Each structure stands twice: as C-alpha cells, then as structure tokens.
Asker: 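Sharing a structure with you now.
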Amino acid sequence: MTKKLFIKTWGCQMNVYDSTRMVDVLAPLGYRPVDEPDGADMVILNTCHIREKAAEKVFSELGRLRQMKDRKAEAEDGRMILAVAGCVAQAEGEEIVARAPFVDMVFGPQTYHTLPEMVAKASRAAGSVLNTDFPAESKFDLLPEESGAQGVAAFLAVQEGCDKFCTFCVVPYTRGAEFSRPAGQILAEAKRLVAGGTREITLLGQNVNAWHGDGPDGATWGLGRLIRELAEIDGLARIRYTTSHPRDMADDLIRAHAEVPQLMPYLHLPVQAGSDRVLAAMNRKHSADDYRRLVDRLRDAKPDLAMSGDFIVGFPGETDADFAQTLKLVTEIGYAQAYSFKYSVRPGTPASAEGAQLPEEVKEARLEALRQLLDAQQVAFNHGFVGRSVPVLFDRVGRRDGQLLGRSPWMQSVHAEADERLLGRIVEVRVDAARANSLAGTVVTTETTTGEYVTASPFQPAVTLEASA
Ligand code: SAM
Ligand code: SF4
C-alpha cells in the first residue's frame, strides 16, 4: 500500500541531497513523496543548525504538525509518524525528545540509512526513537540505489564532515569527521544519474575540495582527477562542486578548470573575512593575501571564472578597521554572487565563549554595508551579459505558462519562453534583460525539419547542438 511521505528541508544543498536519499531509503517500505504535510503518513523535518533560531523554527513547526497528527488520528486515518532529522536533531536530540514527546523519531545526518529499523521501532513502541550516533560504518555503503530519476540537475555527495574546526562553526560537531566516498561508488552513482536523464551534476561536500578517495586503480585521487573521470561519462554535460575551502585548492583542481570543458566556470570559495587578525581568530589558517593569490591563479587558469563566497560580519572582536579590510577584499576580488551573514553564537563552539561579542546594531550596519557592495557587484556582473548569447541548460518549467528556467555556465538563473521539449537541453539564449538575481532572454536555438537543434544567432556562428536527448 502506498504511504504518503512529506519532507521539509532547511539549509544547505547537502540537506537537499540527504532528503532525496531518505526518499530512496523509504521507497521499499511503500512511502512516496507528497507536496504537503496534511494527511501524510510520515513527516520528516530535515533541519539546519548553522545559524541561530533554527531550533525555535523547528519547535514552532512541530506545534503545527502535532495538530495535523492529532486530526489524522481522530479521523481514524492511520498514524502520522513525525520525525526530526539533520543537524538540529544531531545537536539537540535530547531536548527535542523532552520538549516534544509526540515526535516519533529523532535522528542525525549519519544514521538515516537505518530508517527502516527506526520506523519499525517507532511503530511498535511508545515514545521517541533517538538515533544520533556517529556509526562506524559509512551510510553511503548501505544506502539503496536512487529510487527514481533525479532531474536534469542533480546533487551528488562525495565528501561529508569537517576536521577544520573554524571557531564559529557547528559542522564538525553535527556532521562529524571528514569522510570521502570512494571514487568507484561516486562514478557508479553519477552514471546512474546520467542514465536517468541528469545532464548536470553538482558534487557536494562541506569541504568538497578536500575530497580524496581511493580510485579503482588503487591510487588515491584528488577532486581534479575525479572531475576528469566524471567528464568521460557520455551525456554528462556539466559538472560543478561546492563548497570549497581555500586551503584545499590543489594544483590539479585548478588545472581542471582550464582543461575540462564540462567543469563550469563558477566557484564558491568562502573567505569569511578580509582581516588577517579575524581570519586567525576564526582558525581559518589562511590569510587574505593567500586568498588573493589563489583567486589570481584560478583566474589565470580560467579567465571567465565567476567567483562566489561566504562572509561573516561581526565576529567577536571585529573592529571597524577589520571590517574595512573585508570591504577592500570584496572590492578587489569582484564577486558574481555571494552570501553574507551576521555572526551568530553557536553553543559549544570556541567563538561563543569569546568575551568581545559585538552589539546587534554594529552587526546589522556592517551586514547592510557589505550587502550593498555585493549586490552592486552582482548587478554589474549580470548586466554585462545583456545582448550576449549564453548556453542555458533548461532544468525546470517556469511559473508562467510557456516559460522554462535554467542556468548559465556562471550559475545565473535564466528564464525564457521555450518549448517544454527543450527541458534537459543546452540551448543558446540571447540575454535581453538582467535583474539582480536572474537573466531574461530569448531562445535563439531552433529545431530543424530533421529534428536537429541549431543556433542561428547574430551573435555566434550557427552551431549544431545536441540533436538527441
Ligand atoms: N565549509 C565551508 C567553508 O569553510 O567555507 C562553509 C560551510 S558552512 C555550512 C556555510 C557558511 O555558513 C559558512 O561559510 C559561514 O559563512 C556561515 N556560518 C557558519 N557558522 C556561522 C555562524 N556561527 N555565524 C554566522 N555564519 C556562519
Ligand atoms: Fe565549518 Fe567550513 Fe570551517 Fe569546516 S571549514 S569548520 S564546515 S566553516
């Protein structure tokens, strides 16, 4: 019998990947994903703990879900199994069980491969099943194959956890020690994704460029080598990876940007701050100049590389002069897109115990100043594309009828009027307008009577694009 499964996902792409894998694990038990929680047989909240208020959001969501659970029971429509997963579950599992005893299962990111056993236990016994171990076995060795096609653009986790212990960050505690999946397992998953229609794969990891795995040839491979091997998969048109740490940018990975056409010219490389004093206090183990030199080398290898990053403002003890160094670095690098956050105290991390926590107004003002600068850079970057033709991989239908959405190589979201048959294809689009977060364009690739897709645009010579899906 089919059972309804609703998963709500917060946070990073790794959580999105984990949620799709939970669907795979639960598929043999008859669970199929649905779009809303009301009436569902199982609801999983896949949570994020990276910044504050995460736990409060979870508890308020649980309050709403409890009513749905009670309604379902009163209507004698079976039982709703309620679960909290992810990093809040890992960090605050016992508190969740104590404050919300109506929750049936609480489990961390490393144990969801055991969902069938947890479901069996939760169905038998009253009270919550709590599973926040860091098991010796790797969940990746025990997860089933994907239960269905994963879409045109899919995530593939290659690395998880972190040993870097930046002083502000909970990841080493919630996701555990750094772990790399073996290359053979990753290549097999990638081939299955491509066979199911995926054209773009984003390799995921908390420090994805620290990936080093056993290759099928017995040698230890780095990410550059893995990307070269993935590029050999017929039908895989685009490869991306995120998130990278500046200290793990190996020479071979930089060369891959120059040499592998499938590797897209966009790199998310967080620096966090521009002041060496703050970087040292954050335990980043790189200076602002190390980062500048690294970006220079990357741009020498790939001149059109679009840079993205993460920034934290208001780290304990950050002065106006420190913050000015962040603005200077941003001005020099020039970002196509970036994420910026106010420092948020994470219990248990070294920075949370610092005496020199900054007032909220100071953090607010710095965040506003940094965002203005980053937004202006993003707008300028996008405006530079108006009138140009860019190859877009359409991966979704748009909100408006007849509209498709996709991504440029530089990660911009692009929308255009287009036939649904162009979903999953790389199509030339002339950019007509640029907004802060997206580009609007016109498809200049057309289908010939022989079923080929050709581009006849005034901007580029006519080229034949893939004729078959
Ligand atoms: N591993 C990546 C790196 O080292 O750059 C980052 C992973 S973390 C999940 C994503 C981002 O969240 C970080 O780059 C950082 O900017 C932000 N972040 C993490 N902890 C934070 C905190 N306590 N306060 C504010 N932002 C935080
Ligand atoms: Fe967190 Fe990234 Fe630092 Fe690891 S390297 S502790 S994930 S910010």
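The model shown is predicted, which means the values in this text are computed figures rather than measured ones. Whatever order the structure lists ligands and atoms in, that order sets their numbers, starting from 1.
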Asker: Consider every N or O of Phe168 and every N or O of ligand 1, then say whether any pair is closer than 3.5 Å.
Answerer: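 Min N/O separation from ligand 1 is below 3.5 Å for Phe168.
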Asker: Between Asn207 and ligand 2, which part of the residue brings a heavy atom under 4.0 Å of the ligand: side chain, backbone, both or neither?
Answerer: side chain
Asker: How far is atom 18 (N) of ligand 1 from its nearest protein heavy atom, and which residue and atom name does that atom have?
Answerer: Arg51 NH1, 3.8 Å
Asker: Using a 4.0 Å cut-off to any heavy atom of Pro270, which atoms of ligand 1 qualify?
Answerer: 5 (O)
Asker: Between Asn437 and Gln378, do the side chains contain an N or O donor and an N or O acceptor separated by less than 3.5 Å?
Answerer: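 A donor-acceptor contact under 3.5 Å links the two side chains.
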Asker: Going by the order shown, which atoms of ligand 2 are within less than 4.0 Å of some heavy atom of Cys166?
Answerer: 3 (Fe), 5 (S), 6 (S), 8 (S)
Asker: Just jot down the ligand 1 atoms closer than 4.0 angstrom to any heavy atom of Gln206, in number order.
Answerer: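 Those qualifying, in numeric order: 1 (N), 2 (C).
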Asker: For the residue pair Tyr335 and Tyr291, does the interplanar ring angle fall in the parallel (under 30°), tilted (30 to 60°) or perpendicular (over 60°) class?
Answerer: parallel
Asker: Below 4.0 angstrom from a heavy atom of His245, which ligand 1 atoms are there? Numbered from 1 as shown, please.
Answerer: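 Checking each atom against His245, I get 4 (O).
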Asker: Relative to the heavy atoms of Asn207, which atoms of ligand 1 are at a distance of less than 4.0 Å?
Answerer: 1 (N)
Asker: Heavy-atom distances under 4.0 Å are what count here, so tell me which part of Lys164 touches ligand 1: side chain, backbone, both or neither.
Answerer: neither
Asker: Is the gap between the ring centers of Phe179 and Phe134 under 6.0 Å?
Answerer: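 Distance test on ring centres: not under 6.0 Å, no.
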Asker: Provide the number and element of each atom of ligand 1 under 4.0 Å from a heavy atom of Thr243.
Answerer: 2 (C)
Asker: Side chains of Gln90 and Thr132: any donor to acceptor distance under 3.5 Å?
Answerer: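 No, because no side-chain N or O of Thr132 sits under 3.5 Å from a partner of the opposite role on Gln90.
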Asker: Tell me which protein heavy atom sits closest to atom 27 (C) of ligand 1, plus the residue, atom name and distance to 0.1 Å.
Answerer: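 Here the nearest protein heavy atom works out to Ile312 CD1, 3.6 Å.
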Asker: May I ask you to check whether Gln159 and His212 show a side-chain donor-acceptor distance below 3.5 Å?
Answerer: no
Asker: Please determine whether Cys169 has a backbone or side-chain N, O or S atom lying under 2.8 Å from atom 1 (Fe) of ligand 2.
Answerer: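 Given the 2.8 Å cut-off, Cys169 counts as a ligand of atom 1 (Fe) of ligand 2.
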Asker: May I ask you to list the atoms of ligand 2 that are less than 4.0 angstrom from any heavy atom of Phe168?
Answerer: 8 (S)
Asker: Under 4.0 Å from a heavy atom of His245: which atoms of ligand 2 are those, numbered in the order shown and with their elements?
Answerer: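 In order of number, 5 (S).
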Asker: Can you tell me the protein heavy atom closest to atom 11 (C) of ligand 1 and the distance?
Answerer: Asp310 OD2, 3.3 Å
Asker: Distance only, no hydrogens: is a donor on one side chain within 3.5 Å (strictly under) of an acceptor on the other, for His113 and Asp141?
Answerer: no
Asker: List ligand 1 atoms under 4.0 Å from Lys342, heavy atoms only on the residue side.
Answerer: 24 (N), 25 (C)
Asker: Got a salt bridge between Glu229 and Arg225, using NZ or NE/NH1/NH2 to carboxylate O under 4.0 Å?
Answerer: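 Salt bridge present between Glu229 and Arg225.
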Asker: Output, in order, the C-alpha distance, side-chain angles, deciding distance and verdict of salt bridge (charged side-chain N to carboxylate O under 4.0 Å, His left out) for Glu318 and Arg366.
Answerer: CA-CA 11 Å; Glu318 183 189 68; Arg366 288 184 188 164; 2.8 Å; yes
Asker: Between Arg284 and ligand 1, which part of the residue brings a heavy atom under 4.0 Å of the ligand: side chain, backbone, both or neither?
Answerer: side chain
Asker: Distance to 0.1 Å, residue and atom name: give those for the protein heavy atom nearest to atom 8 (S) of ligand 1.
Answerer: Ile50 CD1, 3.8 Å
Asker: For atom 22 (C) of ligand 1, grab the closest protein heavy atom and report residue, atom and distance to one decimal in Å.
Answerer: Ser344 O, 3.6 Å
Asker: Provide the number and element of each atom of ligand 2 under 4.0 Å from a heavy atom of Phe165.
Answerer: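 In order of numbering, the contacting atoms are 6 (S).
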Asker: Do the charged groups of Asp395 and Arg199 touch, with an N to O distance under 4.0 Å?
Answerer: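 So Asp395 does not pair with Arg199 through a salt bridge.
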Asker: With no hydrogens and no angle check, just 3.5 Å: does a side-chain donor-acceptor pair link Asp217 and Trp221?
Answerer: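 Yes, a side-chain donor-acceptor pair sits under 3.5 Å.
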Asker: So among Lys139, Arg181, Arg21, which one has a salt bridge (charged side-chain N to carboxylate O under 4.0 Å, His left out) with Glu160?
Answerer: Lys139
Asker: Any chance the side chains of Tyr112 and Asp18 put a donor and an acceptor closer than 3.5 Å?
Answerer: yes
Asker: What is the distance from atom OG of Ser275 to atom NZ of Lys328, rounded to the nearest 0.5 Å?
Answerer: 11.5 Å
Asker: Would you confirm whether the ring centroid of Phe385 sits within less than 6.0 angstrom of the ring centroid of Trp410?
Answerer: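 Ring centroids of Trp410 and Phe385 are less than 6.0 Å from each other.
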Asker: Just to be sure I read this right, does ligand 2 sit under 4.0 Å from the backbone of Pro172, its side chain, both, or neither, counting only heavy atoms?
Answerer: side chain
Asker: Protein heavy atoms near atom 25 (C) of ligand 1, is at least one of them under 4.0 angstrom away?
Answerer: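 Protein heavy atom within 4.0 Å of atom 25 (C) of ligand 1: present.
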Asker: Considering non-hydrogen atoms of the protein only, which is the closest contact for atom 4 (Fe) of ligand 2, and what is the distance?
Answerer: Cys162 SG, 2.2 Å
Asker: Can you find an N/O atom of Arg346 closer than 3.5 Å to an N/O atom of ligand 1?
Answerer: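 No, Arg346 has no N/O under 3.5 Å of an N/O on ligand 1.
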Asker: For atom 15 (C) of ligand 1, what is the closest protein heavy atom, and at what distance to 0.1 Å?
Answerer: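 Result for atom 15 (C) of ligand 1: Gln272 OE1, 3.5 Å.
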Asker: Using a cut-off of 6.0 Å, state whether more than 12 heavy atoms not belonging to Lys164 lie near its atom NZ.
Answerer: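 More than 12 within 6.0 Å, yes.
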Asker: Judged on heavy-atom distance to atom 7 (S) of ligand 2, which of Thr174, Ile50, Asp163, Val171 sits nearest?
Answerer: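 Answer by nearest heavy atom: Val171.
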